[in-house]
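To find a chain, count down the sequence lines: A is the first, B the second, and so on, and within it residues start at 1.
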Amino acid sequence: MSVRVRFAPSPTGYLHVGGARTALFNWLFARTSRGVFILRIEDTDLERSKEEMTAAILEGLRWLGLDWDEGPYYQSQRRDLHRATGLKLQASRSAYPCFCEPAELQRRRQEAERLGVTWKYERTCLALLPEEVQRRVAVGQPHAFRFRVPEGVTSWSDRVHGRTTFANETLEDFILLRSDGTPTYHLSVVSDDVDMKITDVIRGDDHLSNTPKQILLYRALGEPIPTFAHLPLILGPDKKRLSKRHGAVAVTEYREAGYLPEALFNFLALLGWSSGDGREFLPREELIRRFSFEGVGKKGAVFDEQKLEWLNSQYINAMPAAAIREAIRGELKARGLWDASLEGERREWFEKVLETLKPRSRKLSDLARDSAIFLSDDFAYDPGAAAKHLGDPETARRMVALRDALERVEPFDEAATEAALRKAAAGMGIAAAKLIHPLRIALTGQAVSPGIFTVLTLVGREGALRRIDRLIRSQELGR
RNA sequence: GUCCCCAUCGUCUAGUCUGGCCUAGGACGCCGCCCUUUCAAGGCGGCAACACGGGUUCAAAUCCCGUUGGGGACGCCA
């Protein structure tokens with residue numbers, strides 16, 4: 001039987017990393033087993049579901065490359081099916097009407113909580129005589145339908161946790177259909193999973209305690225029970241379930257922060273799963289080849305952004321310059337640094353700029369920021385850098401000498417400019433560093449940069465002279 | 001409170017099923033060294049963990065029991 005899995009988010013918020021990881025494992029399992037990955041939007045909570053959230057979730061999935069084979073199906077449009085399933089359960093006497101007032105039930109629940117005792121629905125309405133039930137229905141008394149939990153134990157072999165068992169007596173007769181006739185979560189999920197012929201339910205640990213109820217529903221319906229796999233949750237640094245309190249959780253926030261989808265994908269896969277051989281840099285194809293539930297751990301995993309950042313830097317380093325250019329184009333435009341020539345006559349030059357910036361960038365935003373000094377003369381001198389390397393009163397005079405040397409050097413390449421600078425330093429009887437550091441500030445405004453001779457040649461002779469002149473002027477003015 | 005799940009470096013983990021090869025391996029981060037004009041990248045090295053207590057066994061990170069700690073779920077939400 002071919003594998004069919006689903007990702008079933010509620011559109012009550014953006015796609016967060018926890019949901020993304022659940023989707024990712026479903027996707028990986030579908031792809032490794034040549035199965036079908038289905039997307040189902042569980043939008044039956046009209047109060048909280050928002051259409052724009054559905055759009056945001058789809059966008060997040062697409063960005064991560066988690067393409068689905070079927071759907072999106074909308075659970076709210078499948079209510080008739082859910083109700084029909086509920087009817088079946090009534091017919092087989094697995095469900096019974098409950099006339100209890102929600103407010104009254106809530107009161108009793110709260111009372112029990114106050115006393116610190118456990119409370120579960122005491123089956124008041126199950127004890128009702130058939131005639132009494134008929135009478136109440138006839139007079140139109142509102143009623144929900146509850147599932148009649150059978151005696152015994154419910155257990156299954158979880159793909160992650162192994163044999164897991166619940167005593168049915170710890171379960172209460174949960175509601176299947178509300179008094180307004182609408183189906184509840186358990187009924188909808190099981191109806192849909194049955195209808196969609198889902199073979200493997202892969203979801204978060206937080207659904208562990210829902211599983212026995214759902215298994216009971218499959219049994220009552222006489223339907224085959226899928227295999228379950230409950231993934232441990234993603235935790236914040238305080239070891240509690242990752243949430244907004246911990247900072248960025250929406251995948252789109254990571255996109256905005258300069259992360260590559262490939263890196264987040266790889267990172268999320270590694271959170272709770274291990275290939276076993278210690279490799280960490282595992283691109284999508286490699287993940288598909290290696291994924292198996294064998295490698296999934298049982299323990300919740302703390303989301304470590306530093307490791308994500310490291311992985312991101314690995315992906316940036318492996319990325320061709322042209323692809324990086326495309327990826328940061330938007331941000332360059334936003335900074336007013338984009339020019340069509342960057343993919344025209346200056347294309348090769350710009351790719352070289354990006355190549356030099358690559359190894360010292362951890363996020364795309366670093367690239368966009370650091371390429372600024374190559375795209376514009378308009379930058380300020382970092383005060384710390386100036387304090388460190390421009391204090392010497394001889395600086396202006398030395399820069400004049402360096403300027404002259406650079407004006408004449410031929411060709412204007414890394415080797416020749418370096419030789420010229422070293423010769424100029426030797427001529428003045430000073431260490432090359434005395435020229436290099438001020439030159440770096442002249443060219444970049446910073447105390448740190450890529451190799452200075454690389455910067456020099458990328459900025460070009462004309463640009464370099466202009467920037468050195470500017471430094472000399474600022475030095476003389478400061479006197 | 002009840003039920004369920006979990007427990008190896010700060011973090012992600014390998015090893016646990018099928019006890020011995022574990023003096024517990026790798027990765028991120030951190031520290032140091034090399035390279036070097038700075039910062040990265042890269043290379044080399046260092047610090048750092050089997051929660052605790054019993055048991056089984058010739059032998060326990062590994063099997064069993066308990067304790068402690070952490071998490072999740074307990075809706076006419078999904």
(request) Would you mind telling me which of A:Pro9, A:Pro72, A:Ser10 makes a side chain to side chain contact (heavy atoms under 4.5 Å, CB included) with A:Ile57? (result) A:Pro9
(message) Base, sugar-phosphate or nothing for A:Asp277? Non-hydrogen atoms, less than 4.0 Å.
(response) nothing
(request) For A:Tyr185, report the nucleic acid contact type (base, sugar-phosphate, nothing); a contact means any heavy atom under 4.0 Å. (result) base
(request) Hey, which sits more toward the 5' end of RNA chain B by its nearest nucleotide, A:Ile452 or A:Gln306? (result) A:Gln306
(request) Please confirm whether A:His16 and A:Tyr14 have ring centers closer than 6.0 angstrom. (result) no
(request) Using the C1' atoms only, state how far B:G19 lies from B:A24, rounded to an integer number of Å. (result) 15 Å
(message) Just to be sure I understand the rule, does A:Gln314 reach a base, reach only the sugar-phosphate, or reach nothing, if contact means heavy atoms closer than 4.0 Å?
(response) sugar-phosphate
(message) To check you understand the geometry: which heavy-atom pair defines the closest contact between A:Pro237 and A:His246, and what is its length?
(response) CD-CD2, 3.7 Å
(message) Students often get this wrong, so: under 4.0 angstrom with heavy atoms, is A:Arg48 touching a base, only sugar-phosphate, or nothing?
(response) base
(request) Among A:Ile38, A:Val5, A:Val190, A:Asp192, find the one that has a side chain to side chain contact (heavy atoms under 4.5 Å, CB included) with A:Ile198. (result) A:Ile38
(message) Between B:A14 and B:C35, how many Å separate the two P atoms, rounded to a whole number?
(response) 38 Å
(message) Using a 4.0 Å cut-off to any heavy atom of chain A, which nucleotides of RNA chain B are the first and last in contact, reading 5' to 3'?
(response) B:G1 to B:A78
(message) What contact category does A:Ala432 fall into here, base, sugar-phosphate, or nothing, at under 4.0 angstrom with non-hydrogen atoms?
(response) nothing
(request) Quick one: list whatever passes side-chain hydrogen bond (donor to acceptor under 3.5 Å, both in side chains) with A:Arg290, sequence neighbours left out. (result) A:Asp277, A:Glu286
(request) Could you identify which residues of residues 361-371 of chain A place a heavy atom less than 4.0 Å from some atom of RNA chain B, listed by residue number, or say none? (result) A:Arg362
(request) Would you classify A:Glu42 as touching base, sugar-phosphate or nothing, given that sugar-phosphate means primed atoms plus P, OP1 and OP2, and contacts are heavy atoms under 4.0 Å? (result) sugar-phosphate
(request) State the pairing partner of B:G45; accept Watson-Crick or G-U wobble contacts with both distances under 3.5 Å, and report none otherwise. (result) B:C31
(request) Quick one: look up who B:C58 pairs with, Watson-Crick or G-U, both distances under 3.5 Å, and put none if it's unpaired. (result) B:G20
(request) Could you work out the separation of B:U62 and B:G43 based on their C1' atoms and round it to a whole Å? (result) 36 Å
(request) With P as the reference atom in both, quote the distance from B:G26 to B:U67 in angstrom, rounded to an integer. (result) 37 Å
(message) I want to check something: taking the side chain as every heavy atom from C-beta on, are A:Phe303 and A:Leu308 in contact at a cut-off of under 4.5 Å?
(response) yes
(request) Would you indicate what A:Ser179 reaches in the nucleic acid, counting non-hydrogen atoms under 4.0 angstrom: base, sugar-phosphate, or nothing? (result) base
(message) Checking A:Lys363 now: which residues fulfil side-chain contact (heavy atoms from CB on, under 4.5 Å) with it, not counting sequence neighbours?
(response) A:Tyr259, A:Glu309, A:Asn312, A:Ser365, A:Asp366
(request) Using the P atom as the reference point in each nucleotide, state the distance between B:C52 and B:G29 in Å, no decimals. (result) 29 Å
(request) Pick base, sugar-phosphate or nothing for A:Phe267, based on heavy-atom distances below 4.0 Å to the nucleic acid. (result) nothing
(message) Aromatic contact between A:Phe293 and A:Phe291, with the criterion being ring centroids under 6.0 Å apart: yes or no?
(response) yes
(request) Using a 4.0 Å heavy-atom cut-off across all strands, classify A:Ser313 as base, sugar-phosphate, or nothing. (result) nothing
(message) Is there a side-chain contact between A:Glu262 and A:Leu311 in this structure, where contact means two heavy atoms from C-beta onward sitting under 4.5 Å apart?
(response) no
(request) For A:Gln75, answer base if it contacts any base atom (sugar-phosphate contacts may also be present), sugar-phosphate if it contacts only those atoms, and nothing otherwise; contact means non-hydrogen atoms under 4.0 Å. (result) sugar-phosphate
(request) Quick one: list whatever passes salt bridge (charged side-chain N to carboxylate O under 4.0 Å, His left out) with A:Lys307, sequence neighbours left out. (result) A:Glu280
(request) Go ahead and name the base partner of B:C76; Watson-Crick or wobble counts if both distances stay under 3.5 Å, otherwise write none. (result) none
(request) With heavy atoms under 4.0 Å as the rule, sort A:Val117 into base, sugar-phosphate or nothing. (result) nothing
(request) Determine the contact category for A:Pro212: base if any of its heavy atoms lies under 4.0 Å from a base atom, sugar-phosphate if only primed atoms, P, OP1 or OP2 are that close, otherwise nothing. (result) nothing
(request) Could you measure between the two C1' atoms, the one in B:U8 and the one in B:G15, and give it in whole Å? (result) 9 Å
(request) Write down the distance separating the C1' atoms in B:C22 and B:C50, rounded off to the nearest Å. (result) 10 Å
(message) Both distances below 3.5 Å, Watson-Crick or wobble geometry, any strand: find the nucleotide opposite B:U37.
(response) none
(message) For A:Glu113, I'd like to know if atom CD has over 12 heavy atoms of other residues, nucleotides or ligands within 6.0 Å.
(response) no
(request) Assign A:Ile175 to base, sugar-phosphate, or nothing according to its heavy-atom contacts below 4.0 angstrom with the strands shown. (result) base
(request) Go ahead and name the base partner of B:U68; Watson-Crick or wobble counts if both distances stay under 3.5 Å, otherwise write none. (result) B:A7
(message) Going by salt bridge (charged side-chain N to carboxylate O under 4.0 Å, His left out), name the residues that satisfy it together with A:Arg83, two or more places apart in sequence or in a different chain.
(response) A:Asp80
(message) Within the 4.0 Å heavy-atom criterion, would you say A:Thr182 contacts the bases, only the backbone, or no part of the nucleic acid?
(response) nothing
(request) Using the closest heavy atom to pick a nucleotide of RNA chain B for each, name whichever of A:Ser209 or A:Ala167 lands nearer the 5' end. (result) A:Ala167
(message) Say we look at B:G20 and B:C63: how far apart would their C1' atoms be, to the nearest angstrom?
(response) 14 Å
